[in-house]
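Before any comments, here is the structure.
Values below: every heavy atom of this structure, side chains too, minus hydrogens, waters and symmetry copies. Model, not experiment: these values are computed from the prediction. In listed order, ligands and their atoms are each counted from 1.
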Amino acid sequence: MRSHWDAAARGWDAHSPEIRAWLRTATDAMIAMAGVVEGARVLDIAAGAGDQTLDLAERVGSSGAVIATDLSPAIVALAHARAQGAGFAQVQCRVADGEDLQVEPGSFDAAVCRLGLMFFPDPLQGLREMHRALRPGGGVCTVVFSGPQRNPCLAILMATALRHAGLPARDPFAPGSLFSLARPGSIDALFHDAGFRDDATTAVDAVFHLPAVENYLDFVRSSASPILQILDGLNEGAARAAWDDIEAQLHAFDTATAWAGPNELLITAARRP
Ligand SMILES: C[S@@+](CC[C@H](N)C(=O)[O-])C[C@H]1O[C@@H](n2cnc3c(N)ncnc32)[C@H](O)[C@@H]1O
C-alpha cells in the first residue's frame, strides 16, 4: 500500500487544484463537523499531499496546530513542502500508519480523515487510534466514498480494469477497497464500536467538474492508486486497450460544454465522550 501511494504521490499533488475544487463542499463540511476552531490542535490522518491540511491550518490559525500524517513518505514530503510554501508554521507533517498513529493519547481537540479510512485494512483500528488521540469531548470527522451505484465513474474504472487484467470481479465492499465503508450503516457501527458517540453520517454529492473526459483520465492515470495497481502488470498494448475502453465509457458523462462525473461521499462526524 505504501509503495503504491508513493508512486501516486506526484500525480495526487499535481492535480491539487482539481481535487480542491471537487472536494470543496465536503472539506468545508468535514472541518466544521469535526469542530475545528481557532487555536485547536488537529490531527489530519491519511493527509495525502496536504490539500485539506491547508484549510485546517487556515482555520486553526497561528495559535493552533495541525499534525498531518500519512503512510506514504513521498506524499508526506509533498504535504510538508506545500505547508511550508504557504507559510503555515503551525503545520507538522509525519509518516504514520493510521492504524498505529504514535501520538500522545488525549492530545488533540479534533481529528479528520478525508478519503483515507476506506483504504485501511482494519478501519476499526484506525478509528480506535483517532479515539485514543482525542481528548474527551474532541470531535472526529471522516469522508469516504459511498457505493458503486452513486460513484459510477469509479465503478467503471474498477470493473473495466479488472476485466482487462483478466481478474475476476471483486466484492465491491471488500476491506481496503474504494467502497469498503459504503454499506448503509457500516461506518456508523464502526464509529460506535471504536467508542465514539453522537455519530451521524450525511451523504453529499461531489460532482467532478472538468473541461473534458481527458482531464479526468489524466487525473486517474497519475493518481488513482487502486486502478493503477490492477493495470500494473499489463503490457503496453493491453494497457492502451484498457484505457481506451475506460475512456469510451466515461464519455457517458460528457455535457454540452464539458464533463461532469457524479460522485457521492459519506461524511461521518462523532465525538469522544
Ligand atoms: C485518496 S488519498 C487522499 C489524500 C488526502 N486526504 C486528500 O483527500 O487529498 C488516500 C491517502 O490515504 C493514505 N493511506 C492509505 N492507507 C493508509 C494508512 N493505513 N495509514 C495512513 N494513510 C494511509 C495514502 O497514502 C493516500 O495518501
Please report which non-hydrogen protein atom sits nearest to [atom], along with the residue it belongs to and the distance in Å to one decimal place.
atom: atom 12 (O) of ligand 1; answer: A46 CB, 3.5 Å
atom: atom 20 (N) of ligand 1; answer: G98 N, 2.8 Å
atom: atom 8 (O) of ligand 1; answer: R114 NE, 2.7 Å
atom: atom 27 (O) of ligand 1; answer: D70 OD2, 2.7 Å

I want to know if ligand 1 touches [X] in the polar sense, i.e. an N/O pair below 3.5 angstrom.
X: F120; answer: no
X: E99; answer: no
X: L71; answer: yes

Handout entry: Mutual orientation of the aromatic rings belonging to W5 and W12 [parallel < 30°, tilted 30-60°, perpendicular > 60°]
Key =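 The rings of W5 and W12 stand perpendicular, inter-plane angle above 60°.
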
Atoms of ligand 1 close to [X] [distance to a heavy atom under 4.0 angstrom, numbered from 1]:
X: I75; answer: 27 (O)
X: Q52; answer: 5 (C), 6 (N), 7 (C), 8 (O), 9 (O)
X: G48; answer: 4 (C), 5 (C), 27 (O)
X: L115; answer: 1 (C), 2 (S), 3 (C), 10 (C)

Problem - Pairwise side chain to side chain donor-acceptor pair (under 3.5 Å) hits with a residue in residues 69-81, at least two apart - result: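 Of all non-adjacent pairs touching residues 69-81, those that pass side chain to side chain donor-acceptor pair (under 3.5 Å) are D6-S72.
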
Using a 4.0 Å heavy-atom cut-off, which part of [X] comes near ligand 1: side chain, backbone, both, or neither?
X: C113; answer: neither
X: R2; answer: neither
X: D97; answer: both
X: A9; answer: neither

Between [X] and [Y], is any pair of side-chain heavy atoms under 4.5 Å apart?
X: L43; Y: L101; result: yes
X: S180; Y: F120; result: no
X: H15; Y: D218; result: yes
X: D13; Y: I75; result: no

List the atom pairs, donor and acceptor, that lie under 3.5 Å between side-chain atoms in residues 166-176 and the rest of the protein, sequence neighbours left out.
residue	atom	partner	partner atom	Å
D171	OD1	F173	N	2.9

Exercise for the section: Would you kindly confirm whether L78 and F88 end up in one hydrophobic cluster when ILVMFWY residues are joined by side chain heavy atoms under 4.5 Å apart? Expected result: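 As far as the 4.5 Å side-chain criterion goes, F88 and L78 are not connected within one cluster.
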
Problem - Q149 atom CD, over 12 foreign heavy atoms within 6.0 Å - result: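 12 or below, so no.
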
Exercise for the section: Ignoring hydrogens and angles, tell me if any N or O in the side chain of R114 forms a donor-acceptor pair with the backbone of T27 under 3.5 Å. Expected result: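 Flag not set: sc R114 to bb T27 has no pair under 3.5 Å.
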
